[in-house]
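A quick write-up on the structure given underneath.
Residue numbering restarts at 1 for every chain, and letters A, B, ... go by the order of the sequence lines.
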Protein chains: 2
Amino acid sequence: MPNRFLTKQRAVIKLYLINLVEQNKLYGLQFLQLLRKEFEPYGFRPTHSEIYKSLHELTKEGILYRTKKLKGEGQDGFQEIVIYQFTEDGYEKAKTYKKMVKQDLDRSKHMINKILKDNF
Amino acid sequence: MPNRFLTKQRAVIKLYLINLVEQNKLYGLQFLQLLRKEFEPYGFRPTHSEIYKSLHELTKEGILYRTKKLKGEGQDGFQEIVIYQFTEDGYEKAKTYKKMVKQDLDRSKHMINKILKDNF
DNA sequence: CTATGAACATGATGTTCATGA
DNA sequence: TCATGAACATCATGTTCATAG
C-alpha cells in the first residue's frame, strides 16, 4: 500500500498526451504549447522536459511509437520532428493506464474535498 | 507567477496542524497518529519527519511557539514532549496562511475537475 | 531559430540514524 | 520504549547545456 498524496503531474501529462495522440498527429513542442494554453488559467505551466520525459515513458511502456517526419511539406524548411502514434496494442494499454489515473484523480478529488471540509 | 501543479502535502499538513492547535494541546507524534487516521481511507500516510518539519516551519514563521512538558502527570513516566501553541499574533498570521492555502486548494480542485472533464 | 534530448540542479518527501528520558 | 530531531537518500520536477537541422 503505497502512500501517496495527490496525483503527480507526470501522470496527468501522460493522460493528455494519450488523448491528443488519439486525435491528432502532433509533436513534442506542439503538445507543450497546447498544454500550456490549457492550463494557463490555472497557473500551471509545464516544462518542455516534462513533455519529452512523458513521451519517452509512454514509448518505453509500449503504448506509443515514434516516427520522424519533416515539418511543413512545402517551403517551411526541413525541420525534423518526431510524431507519436499508438502501437498495435497501444490503444488497449492506454485504456488501462487511463483507468488507473482516473481512479487516482477521483481519490485526489475526494481528498481535496475532505481537506476543505475539515479546515474551512 | 509561479508555476504550480497541485497543492503540496506540506501546506496541507500545516493547515491541519493549525486547526488542531486551535483545539487541543497535542504533541508531534499525536498529530501524526491523528493525521494518519484521518487519511488512511485515502491511502495517504504522512511520515513523522513531515510533521516535525511542518511544526518547525510554523514556529519559524512566528505562528506557533514551543513549550516542553512532561507527559502523563502521574505514573506514566517522565517522557518529555513538545507542546505547540499560538504566539501572540500567531492566530492572525495563521488566518492569513489558511486563506492562501484555501485558494490553492480551490485552484487544485478546479484543475482536477478540468482534467477529469477533458479526459473522461 | 526550432526541435529534441541529455545533463545537471533543485525541491519535495521518505528512510535511517542519533540522542535523551 | 517513545519522542524529537537531524542526516541522509530518493523521487519529482525544473533549468541549463548540447546537437541537429
Please state how far atom CD1 in A:Ile51 lies from atom P in C:dT2, giving the value in whole angstrom units. 18 Å
Atom NZ of A:Lys68 and atom P of D:dA20 are separated, to the nearest Å, by 11 Å
Let me spell it out: for each of B:Glu50 and A:Tyr27, pick the nucleotide of DNA chain C with the closest heavy atom. Which residue's pick is nearer the 5' end? A:Tyr27
Taking N and O atoms by type only, does the side chain of A:His48 place a donor or acceptor under 3.5 Å from a partner on the base of C:dG5? yes
So, does the side chain of B:Ser49 form a donor-acceptor pair with the base of C:dT13 at under 3.5 Å? no
Carboxylate-amine/guanidinium contact A:Lys95 A:Glu92, below 4.0 Å: yes
May I ask you to say whether B:Glu40 pairs ionically with B:Lys37, meaning some side-chain N is under 4.0 Å from a carboxylate O? no
Non-hydrogen atoms of B:Phe120 and A:Lys98 that approach each other most closely: CZ-O, 3.5 Å
A:Lys14 has an atom NZ; how far is it from atom C1' of D:dT13, in whole Å? 14 Å
Taking only the side-chain nitrogens and oxygens of B:Arg45, find out if one of them lies under 4.0 Å from OP1 or OP2 of C:dT15. no
Under 4.0 Å from OP1 or OP2 of C:dG11: is there any side-chain N or O of B:Arg4 that close? no
Rounded to whole Å, how long is the line connecting atom CG of B:Leu32 with atom P of D:dG5? 14 Å
Using only heavy-atom distances, determine whether the side chains of B:Lys102 and A:Asn119 contain a donor-acceptor pair under 3.5 Å. no
Identify whether any heavy atom of A:Phe44 sits under 4.0 Å from a base atom; if not, whether one sits that close to sugar-phosphate; answer base, sugar-phosphate or nothing. nothing
Tell me the interatomic distance from B:Ile81, atom CD1, to C:dG20, atom C1', rounded to whole angstroms. 15 Å
Residue closer to the 5' end of DNA chain D, A:Arg10 versus A:Glu80 (nearest nucleotide): A:Arg10
Positive for side chain to side chain contact (heavy atoms under 4.5 Å, CB included) with A:Tyr65, one of A:Thr59, A:Thr87, A:Leu58: A:Thr87
Distance, rounded to the nearest Å, where B:Lys69 contributes NZ and C:dA21 contributes P: 18 Å
Can you tell which of D:dA12, C:dG5, D:dG5 lies closest to the side chain of A:Val82? C:dG5
Looking at the base of C:dT15, is there any donor atom on it, or on the side chain of B:Thr47, that sits under 3.5 Å from an acceptor on the other one? no
Could you give the CG-to-C1' distance, from B:Leu55 to D:dG5, as a whole number of Å? 12 Å
May I ask you to verify if any side-chain N or O of A:Gln9 is less than 4.0 angstrom from the OP1 or OP2 atom of D:dG14? yes
Short side-chain N/O contact to C:dT4 OP1/OP2 from A:Tyr52, under 4.0 Å: yes
Rounded to whole Å, NZ of B:Lys53 lies from P of D:dC8 at a distance of 13 Å
